[in-house]
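Structure record follows, encoded as structure tokens.
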Amino acid sequence: MTIYSGALVTTCPTINTAASTTLLAANPNRKLLIIQNNSAANIMVGLNNETLTGIVPSATNKGYVLPSTAGANTLVLKDMSLPSGAITAYQTSGAAINTIVVIEG
């Protein structure tokens with residue numbers, strides 16, 4: 001198993017209510033991506049610059065639902081599975097969320 005040894009950048013972007021929000025800009029050099037949902041709400045994460053319209057996946061709303069449930073609330077992508085487009089997110093209700101942790105390397 002290859003160990004990642006590059007520089008990591010950690011951010012906690014704000015996800016607005018009922019709006020597709022960009023978490024990370026496109027990056028063709030990504031080697032590692034970790035997104036952890038530490039909020040009380042489920043969110044959807046788009047991995048290829050999608051403009052999300054909700055948290056239910058469909059043919060036109062493509063993304064991964066990241067639940068608020070501990071143990072299932074983390075998305076880890078590394079090596080060949082990494083998307084190079086912008087990473088977006090969506091949450092349906094409540095106040096804006098700023099407890100999402102995004103680590104990119």
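The main-chain N or O of E104 is never found under 3.5 Å from a side-chain atom of R30 such that the two would form a donor-acceptor pair. In terms of modelled atom types and a separation under 3.5 Å, the side chain of T88 and the main chain of N49 share no donor-acceptor contact. For T21 (side chain) and A19 (main-chain N/O), a donor-acceptor pair under 3.5 Å exists by modelled atom type. The backbone N or O of P13 lies less than 3.5 Å from no partner atom in the side chain of T11, so there is not a single donor-acceptor pair. Using a distance-only test at 3.5 Å, with no hydrogens or angles considered, no donor-acceptor pair links the side chain of S84 to the main chain of P28. Judged purely by atom type and a 3.5 angstrom limit, N61 uses its side chain to pair as donor or acceptor with the backbone of V56.
Between I15 and Q91, the shortest heavy-atom contact is O-NE2, 3.5 Å. Of all the heavy atoms in S39 and S68, the pair that sits closest is O-CB, 3.2 Å. The two residues L82 and L32 make their nearest non-hydrogen contact at CD1-N, 3.4 Å. The two residues C12 and N98 have their closest heavy-atom pair at CB-O, 3.9 Å. When every heavy atom of N48 is checked against every heavy atom of G85, the shortest pair comes out as OD1-CA, 3.9 Å. Counting all heavy atoms, side chain and backbone alike, I55 lies closest to N42 at CD1-CB, 4.1 Å.
In this structure the side chain of L77 reaches within 4.5 angstrom of the side chain of L47, judged on heavy atoms. Residues P57 and M44 form a side-chain contact, since some pair of their non-hydrogen atoms from C-beta on lies under 4.5 Å apart.
Taking NZ of K62 as the start and OG1 of T51 as the end, the distance is 12.5 Å to the nearest 0.5 Å. Atom CG of residue N37 and atom OG1 of residue T69 lie 9.0 Å apart, to the nearest 0.5 angstrom. Atoms CD1 and OG1, on I34 and T74 in that order, are 8.5 Å from each other to the nearest 0.5 Å.
Residues L52 and I43 do not share a hydrophobic cluster, defined by chaining ILVMFWY side chains whose heavy atoms lie under 4.5 Å apart. Cluster annotation: V101 and L23 are assigned to distinct hydrophobic clusters (Ile/Leu/Val/Met/Phe/Trp/Tyr, side-chain heavy-atom contacts under 4.5 Å, transitive). Cluster membership for L24 and Y90, using ILVMFWY side-chain heavy atoms within less than 4.5 angstrom, is not shared.
No option in V76, V45, I87, N27 other than I87 meets the side-chain contact (heavy atoms from CB on, under 4.5 Å) test with L33.
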